[in-house]
Amino acid sequence: MTVWKTSRRNFFAHKGRMALSAVAVLLSVAFVCGTLVFTDTMNTTFDKLFAVTSADVTVSPRSPEDNDRLPGNGKPVTLPASAVEQVGKATGVKDAEGAVNSMSVTVVDSHNKNMGSTTGAPTIAGNWTKNELRSMEITSGHAPRGPTEVMVDADTADKHDLKIGDELRTIAATGDINAKISGIATFKVTNPGAAIVYFDTVTAQTKLLGRPDVFSLISVTAESGVTDAQLKRNVATALGDTSAYKLQTQKEAAEANKDSMGSFLDVMKYAMLGFAGIAFLVGIFLIVNTFSMLVAQRTREIGLMRAIGSSRKQVNRSVLIEALFLGIVGSVLGVGAGVGLAVGLMKLMGAMGMDLSTKDLTVAWTTPVVGLALGIVVTVVAAYIPARRAGKISPMAALRDAGTPADGRAGRVRAAIGLVLTLAGGAALLAATRADKSSEGSLFLGVGVVLTLIGFIVIGPLLAGFVVRVLSALMLRMFGPVGRLAERNALRNPRRTGATGAALMIGLALVACLSVVGSSMVASATEELDKSVGADFIVEPAGGGALIVDQAAESLKSVPGIEHFTEYKVVGAGLTAPDGTTEDEGLTAVDPTYKDDVRRETVSGKLADAYGKDAMSVGETYATKHRVKVGDRLTVAFKGGETAKLKVAAITSDDVNIDKGAMYINITTAVRYVPADALPDNMIMFAKAAEGKEKEAYAALKDALVKYPQYEVKNQADFKQQLKDQIGQLLNIVYGLLALAIIVAVLGVVNTLALSVVERTREIGLMRAIGLSRRQLRRMIRLESVVIAVFGALLGLGLGMGWGTAAQKLLALEGLGVLEIPWPTILTVFVASAFVGLFAALVPAFRAGRMNVLNAIATD
């Protein structure tokens, strides 16, 4: 009980000194809990949506891929309308209705503005059925009654200011549908952002599916007392042969939809938790520093406790209990902040177009448990070493001055371990750069990153002694005696300086590594584009969306000033090699002009010959694996078409990124063996302008796509900029997540300086007494902070560039062979670290400057 009371008294006596450590715990726990609440809320939203939109039993066509379309064409898979009557006759069926559903559409308004989501959520077109009443209700107007009417969901109407009477154009693979809004339907549950339009059944069948006698699926409603499982068996009996159908109960359909979303949500969840883990790691350094300094400042106090009978175990336990208090306070506040963070993320997603209602806010019982457990365990574990150090203080320490650091030099054993780990990590990174396979190199890279990081952390005090002296010579000596004092203060406790710098080092190392990788990827891709792409223009779906529908392709082909267009389709096929093995592959069906638009090197044969009649090319990897050589014939079973024998006329090099492993055939070959209704639309199109007509052709192509906002035309400069922007946006997201770790590291610098000022109270008073001005005192503390921050930045940036360089060597095995160090980013981060040091020192320097000289001298 005495230990408990002592710990509680000490905790509240030093609560101000522990505040920043508590904030670090709070931020880390908040990020974990916020991530869990946000992803759980998204799961709840989608679960409710999928559960309420699924019929008691759903009958859908079974395709080889079990999805809503054949590979490469934008036409939904269908089932015959006659199946609806068969299903309706099954025992226990109350109602069976055919439904049309297509996500291969784009909806635009009268100004050709895309009405779809900007977050990647689908645009869905279908027919209005009774099953829709499970999830929606008509709140304005009426359901569509003919080919000129369409109904839209309320969320889309609100986002785009649509009202009844406005005209919409739905662009589908089978043609365009022009219709006026006749009604608006509102979701009964949260719609995460999908845009939905409804037509009458006949129009939906004819215009979306291309035939009036087919449906996308059948929604079956059970009679009272009939279970979904029983209804499913009865429907299967009524259909007889179910090999062409997939039957799902409401629960099974909901689970299938949930699984399709689950992988995306899991990736996001674990990525965010990974960054929270980095923040926790940085927070450990802050907590270790805090308790180490508190123990050092209370040396005499602990010595007196030992002198009056406290055992080592009791002293150790006292410090750990203080850490427990800190962990509990920080974690409890962090759990609450995490819920607030989740709500903030939901509002942010809402502003971006993904609606997540706070009514679905989900705080599972495991979330606060995980947050509290993590925060408390990490805090107590971080305080263990300072607690052991406190337990080793002898009763004789009561006779010494308080605050005298017992660990002014990094131990030789620690330095030796740090050097061994660093050298081992460096050897692993070197092995990664010399690996022949990316899988093998990735293992060495991971080991090297971990070992060098731990090695730098362990060897930090040794590095601090050397690096701080160098930085002092470059930065501090010009400030005279004040700079000298700042240097001595930074060197006074190398272990503390090393730990404080290491906290900042971790975040900046990751920033530098990712910057090198991102810049190298852009530089490599740009070089390959310059070397490989001969086309002037590239037309592709915006954001990697739907395929290029025929009407858009025809509009492009009417543009004047174009020397040639190259179409690019991917045809599914089963390939049987001479060794007898059969694999499903995608054959790239292109016009012969593609060899000029995208230049490919061959290791055997001539690529031009691959575009001949019944000819093809294969990639180098496939040829090696199956011992295929030029002149061999492959048996090609086109999906949805016939089987052909194609001669291998060329083997292309796989030392590329563009079309790596692609197998080329002439489009005329695809037309010969694949029926028109199964032939894919273009994934992408290339164009070459007539000599001297580049500007005019570029403008004309853009004009031709005004009616089709889902597609973009780019020249090579646009394509390079898009690549740079995409990687830049990804890096910015990562930097934003890493900012949490850097904020915690900055708090560590602030805390170290604040506690250091308290520790040196008497010393500061004496310096003031012999003539040091307040201004000089503040400058001394600011310079100390700057040198610590710059020390951490140097370690982090150097380590990160090493990681990034090793990672780029692995990327070179995948064709990204250019190493580019983003010096502007590196220098910006380095300079910013100095300003971070200045910012971190503001409050500690201000407090030091306000000390009363006599009271400071009298401090014991």
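Position 1 is the first residue of the sequence; numbering continues from there. For clarity, every value in this text was computed on a predicted model and none was experimentally measured.
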Contact between [X] and [Y] at the side-chain level, heavy atoms closer than 4.5 Å - yes or no?
{"X": "Met272", "Y": "Leu345", "result": "yes"}
{"X": "Val786", "Y": "Leu838", "result": "yes"}
{"X": "Arg778", "Y": "Arg774", "result": "yes"}
{"X": "Met475", "Y": "Leu783", "result": "no"}
{"X": "Thr362", "Y": "Asn43", "result": "no"}
{"X": "Met346", "Y": "Asp360", "result": "no"}
{"X": "Gln776", "Y": "Arg779", "result": "no"}
{"X": "Phe456", "Y": "Leu421", "result": "no"}

Would you compute the distance between atom [atom1] of [X] and atom [atom2] of [Y] and round it to the nearest 0.5 angstrom?
{"X": "Ile506", "Y": "Ile284", "atom1": "CD1", "atom2": "CD1", "value": "8.5 Å"}
{"X": "Ile417", "Y": "Ile454", "atom1": "CD1", "atom2": "CD1", "value": "12.0 Å"}
{"X": "Ser515", "Y": "Met801", "atom1": "OG", "atom2": "CE", "value": "10.5 Å"}
{"X": "Leu463", "Y": "Leu795", "atom1": "CG", "atom2": "CG", "value": "5.5 Å"}
{"X": "Arg492", "Y": "Arg488", "atom1": "CZ", "atom2": "CZ", "value": "10.5 Å"}
{"X": "Ile459", "Y": "Thr452", "atom1": "CD1", "atom2": "OG1", "value": "12.0 Å"}

Under the salt bridge (Lys or Arg N to Asp or Glu O under 4.0 Å) test, which residues partner Asp40, sequence neighbours left out? none
[X] to [Y] - nearest heavy-atom pair and separation:
{"X": "Val335", "Y": "Pro368", "result": "CG1-CB, 3.9 Å"}
{"X": "Val449", "Y": "Leu429", "result": "N-CD2, 4.0 Å"}
{"X": "Ala807", "Y": "Val517", "result": "CB-CG2, 3.8 Å"}
{"X": "Leu445", "Y": "Ala806", "result": "CD1-CB, 3.8 Å"}
{"X": "Ala512", "Y": "Gly796", "result": "CB-O, 4.4 Å"}
{"X": "Phe791", "Y": "Thr497", "result": "CE2-O, 3.8 Å"}

Looking at [Y], is its backbone amide N or carbonyl O close enough to the side chain of [X] to form a donor-acceptor pair, meaning the two atoms are under 3.5 Å apart?
{"X": "Ser331", "Y": "Ile328", "value": "no"}
{"X": "Ser785", "Y": "Ile781", "value": "no"}
{"X": "Arg469", "Y": "Gly465", "value": "yes"}

Give the intermediate values and the outcome of side chain to side chain contact (heavy atoms under 4.5 Å, CB included) for residues Leu471 and Leu794. CA-CA 10 Å; Leu471 290 175; Leu794 279 175; 3.7 Å; yes
Results of side chain to side chain contact (heavy atoms under 4.5 Å, CB included) for Ala337 - residues two or more places apart only: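 Result, side chain to side chain contact (heavy atoms under 4.5 Å, CB included) vs Ala337: Leu26, Ala30.
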By side chain to side chain contact (heavy atoms under 4.5 Å, CB included) - contacts of Leu731 (at least two apart): Leu514, Ile727, Tyr735
According to salt bridge (charged side-chain N to carboxylate O under 4.0 Å, His left out), does anything in residues 782-805 pair up with another residue at least two apart or in another chain? List the pairs.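 Every pair satisfying salt bridge (charged side-chain N to carboxylate O under 4.0 Å, His left out) with a residue in residues 782-805: Arg760-Glu784.
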So the salt bridge (charged side-chain N to carboxylate O under 4.0 Å, His left out) pairs with at least one residue in residues 789-803 (sequence neighbours excluded) are none
For a side chain to side chain contact (heavy atoms under 4.5 Å, CB included) check, start with the C-alpha distance between Trp803 and Leu510, then their side-chain angles and the critical distance, and finish with the verdict. CA-CA 9 Å; Trp803 294 348; Leu510 292 170; 4.1 Å; yes
Step by step, work out the side chain to side chain contact (heavy atoms under 4.5 Å, CB included) result for Val378 and Val29. CA-CA 10 Å; Val378 167; Val29 171; over 6 Å; no
Are Thr422 and Leu451 close enough, and set up right, to give a side chain to side chain contact (heavy atoms under 4.5 Å, CB included), and what steps lead you there? CA-CA 6 Å; Thr422 303; Leu451 289 180; over 6 Å; no
Excluding sequence neighbours, so at least two apart, what forms side chain to side chain donor-acceptor pair (under 3.5 Å) with Thr41?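 Scan of Thr41 (side chain to side chain donor-acceptor pair (under 3.5 Å), adjacent residues dropped) gives none.
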Per side-chain contact (heavy atoms from CB on, under 4.5 Å), Ile376 is matched among Val25, Val329, Leu324 by Leu324
